[in-house]
Amino acid sequence: MGRNPVVRFGAPLHVLADPSNEVSINPDPATSSVELTINVTGEQTKNAYDRVITETSKNIDIPGFRKGSKIPANVIESVLEGGNGQAPGGKNMLRKQALKQLVGLVETVLQDHPTIDPIGQPDFVQNEEILVQMFTPGEPMQLVVKTDIWPTISWKDAKPDSKVYEGLEASYTRKPFNQAKMDQAVKDLKDRQAKLSPKGDANAVLEMGDACVVNMVGYMADADGNKGEPLPNAASGDQVDVVMETGKYMEGLVEGIIGAKVDDVREVKVTFPPFLKDKTLAGKTAIFEVTILSVDTRTLPELDDEFANAIRPGLTKEGLMEEIKTAVDSEDAKVFTAARNTALEKALAEKIEMVVPDTLITMQCREKYAVMLTEMRDNGTPDAEIKKLVTPENFEKYKEVARGGIERDLKASMAVEEIAKIENIRVAPDEIEEQMANLKKEVAQSGEEFDEQQMRAKVEATLLRSQVMDYLAGKATLDVKFEEEGDFDEDLMNNIMEEQAERERARVAEVAQAAAAEEAKQEQ
């Protein structure tokens with residue numbers, strides 16, 4: 001996770017940067033926060049209150065004063081304390097606003113402490129109602145505030161001569177390895193290395209597994225199944241190599257020349273594949289005059305170290321098979337990269353000592369809670385039901401349930417950033433631009449709003465995370481559990497996940513209903 005979600009403080013008053021402020025800073029590592037005790041000067045309380053009065057003057061109607069004009073503080077206070085039909089208590093409201101202005105002191109003070117990186121909004125440690133009574137414009141006062149700060153990472157069991165994040169042990173499950181695809185790849189490789197030798201004498205006939213060289217002249221089949229118009233030159237050919245195996249060529253070609261000898265001419269009826277690029281031929285029937293020029297025996301090599309060395313000097317059979325397996329499985333493995341990364345992140349989080357501040361957890365929970373509610377709406381839940389869920393009580397219950405996973409994700413995310421710095425892992429600019437170009441096309445088609453700066457940061461963070469996880473995977477011990485054939489059912493897994501999500505939505509809905517019922521009782 002990058003630091004995009006950080007909520008910075010509002011711009012502090014210029015008068016707040018006062019060297020006469022006495023400040024004490026007390027870090028609290030247990031909560032990843034700091035407590036600041038600030039002695040505020042009389043000038044600062046006066047300026048803060050004056051600013052609130054100025055802003056209030058712009059938005060209040062008082063007989064005898066033009067709206068927006070400068071109105072004396074005592075006049076505004078009098079009106080807000082019950083004059084001009086206003087409800088009393090407005091003076092305290094002004095003081096509360098002035099106290100919020102003074103909170104800007106926290107950011108000003110921490111500018112001299114670059115190692116302390118605040119997040120979220122500071123909270124008063126003192127009782128706010130007491131602070132309001134204590135506040136007098138022009139009089140000094142003491143404020144005690146607390147703010148969460150970005151946590152620091154430390155590695156468990158770190159040693160000077162090793163990197164804790166290397167050698168992670170993780171396990172994940174994926175669908176079975178495609179052995180049939182592997183066997184075909186090995187067969188294709190052996191086929192390319194096959195040795196040809198003339199097959200016997202002139203009476204030798206073609207059999208399955210042999211090879212031959214032919215001339216082919218093609219014709220479209222007419223309505224009666226006889227030779228019609230000649231095929232384009234591209235569909236015919238001279239000195240064509242043919243391996244006597246089914247499935248390699250047009251349906252019927254190999255079968256039509258079985259038993260042929262050198263100089264034999266066969267008329268072979270074939271059917272072009274339906275997916276052929278040339279749509280004038282796709283799926284059509286044709287007749288070829290095939291002249292046999294040579295008949296050869298194919299000898300396939302043994303799959304051994306000698307064969308592997310012929311592919312690449314120094315390569316062994318074991319190394320060759322491993323390379324083929326990796327190449328064959330690369331596409332299937334990509335599908336389960338997310339599962340691999342999740343397993344690595346869990347293992348990585350276990351290696352980290354870090355206190356995640358409540359502000360970060362709350363931010364992440366809000367995003368996830370909003371996504372959950374959006375999905376519920378998309379799945380047909382009425383807005384009235386969704387509205388019932390949007391209560392502080394429900395959010396806090398959701399936060400408690402989600403806290404563990406969010407803490408783990410935040411630890412892993414910050415560890416990824418740290419590892420990228422240590423290992424100098426960077427995203428190439430052209431990769432970011434390529435992703436941005438694709439996103440812009442998608443957004444242009446959908447008509448959605450597009451914040452380029454924010455999206456660029458997310459793209460870079462995603463690509464960086466991917467590179468770091470690939471690095472960790474290369475250094476890790478991964479226990480990949482392959483599901484047995486027939487046991488892995490992607491549709492079933494998707495249904496199970498959807499059922500789990502539905503149960504979670506139902507659970508949250510029950511909480512909301514219970515809360516609503518309790519509110520109704522209290523109102524009665």
Side-chain angles (χ1 to χ4, degrees), residues 1-10 100 119-121 123 148 338-339 341-342 345-346 349 356-413 439-440 442-459 461-462 465 489-524:
M1 187 198 83
R3 300 193 176 185
N4 294 331
V6 176
V7 179
R8 295 296 182 188
F9 312 134
K100 289 181 179 180
I119 50 177
Q121 294 289 348
D123 293 319
D148 283 343
N341 290 352
T342 297
E345 287 170 357
K346 289 180 179 178
V356 180
D358 189 68
T359 298
L360 285 181
I361 293 174
T362 300
M363 288 176 177
Q364 291 295 301
C365 273
R366 283 174 179 161
E367 290 183 13
K368 290 179 178 292
Y369 198 63
V371 169
M372 183 190 73
L373 295 177
T374 299
E375 289 176 349
M376 290 177 67
R377 178 179 285 110
D378 293 342
N379 290 330
T381 303
D383 286 348
E385 292 298 319
I386 293 174
K387 189 175 180 180
K388 293 178 182 178
L389 299 178
V390 187
T391 67
E393 294 79 14
N394 284 334
F395 176 75
E396 286 302 319
K397 290 178 181 178
Y398 176 84
K399 178 180 170 182
E400 194 58 35
V401 172
R403 177 182 290 273
I406 289 175
E407 283 187 347
R408 185 186 65 242
D409 292 344
L410 286 169
K411 285 181 179 180
S413 295
L439 287 171
K440 287 178 180 178
E442 292 177 8
V443 171
Q445 293 173 355
S446 65
E448 297 177 1
E449 294 184 2
F450 185 76
D451 185 330
E452 183 166 347
Q453 183 177 0
Q454 186 180 40
M455 187 57 66
R456 184 178 295 276
K458 288 184 178 180
V459 166
T462 300
R465 190 186 190 93
D489 188 330
E490 290 190 25
D491 291 337
L492 176 61
M493 291 300 294
N494 290 335
N495 289 338
I496 291 173
M497 292 173 66
E498 178 57 33
E499 288 173 3
Q500 289 176 337
E502 185 61 37
R503 284 197 295 270
E504 175 65 16
R505 287 192 286 268
R507 187 189 67 77
V508 176
E510 289 174 0
V511 170
Q513 291 173 1
E518 184 63 29
E519 284 182 0
K521 288 181 182 178
Q522 292 177 358
E523 289 176 0
Q524 293 174 357

Pairwise distance CD(Glu345) to CZ(Arg465) - rounded to 0.5 angstrom: 4.0 Å
Sorted by chain and number, sequence neighbours left out, salt bridge (Lys or Arg N to Asp or Glu O under 4.0 Å) with Glu452 holds for Lys440, Arg456
Salt bridge Glu385-Lys388, side-chain N to carboxylate O under 4.0 Å: yes
Which distance, rounded to the nearest 0.5 Å, do you find between the OG1 of Thr391 and the CD of Glu396? 9.5 Å
Asp383: partners by salt bridge (Lys or Arg N to Asp or Glu O under 4.0 Å), with sequence neighbours left out: Arg377
Quick one: does Asp148's side chain have a donor or acceptor within less than 3.5 Å of a partner on Pro357's backbone? no
May I ask you to decide if the ring planes of Tyr369 and Tyr398 are parallel, tilted or perpendicular, using 30° and 60° as cut-offs? tilted
Rounded to the nearest 0.5 Å, the CD1 atom of Ile406 sits from the CE atom of Met363 at a distance of 12.5 Å
What is the distance from atom NZ of Lys346 to atom CG of Asp409, rounded to the nearest 0.5 Å? 9.5 Å
Nearest heavy-atom pair of Ile386 and Met376: which atoms, and what distance? CD1-C, 4.2 Å
Can you name the side chain to side chain donor-acceptor pair (under 3.5 Å) partners of Lys399, sequence neighbours left out? Asp358, Thr362
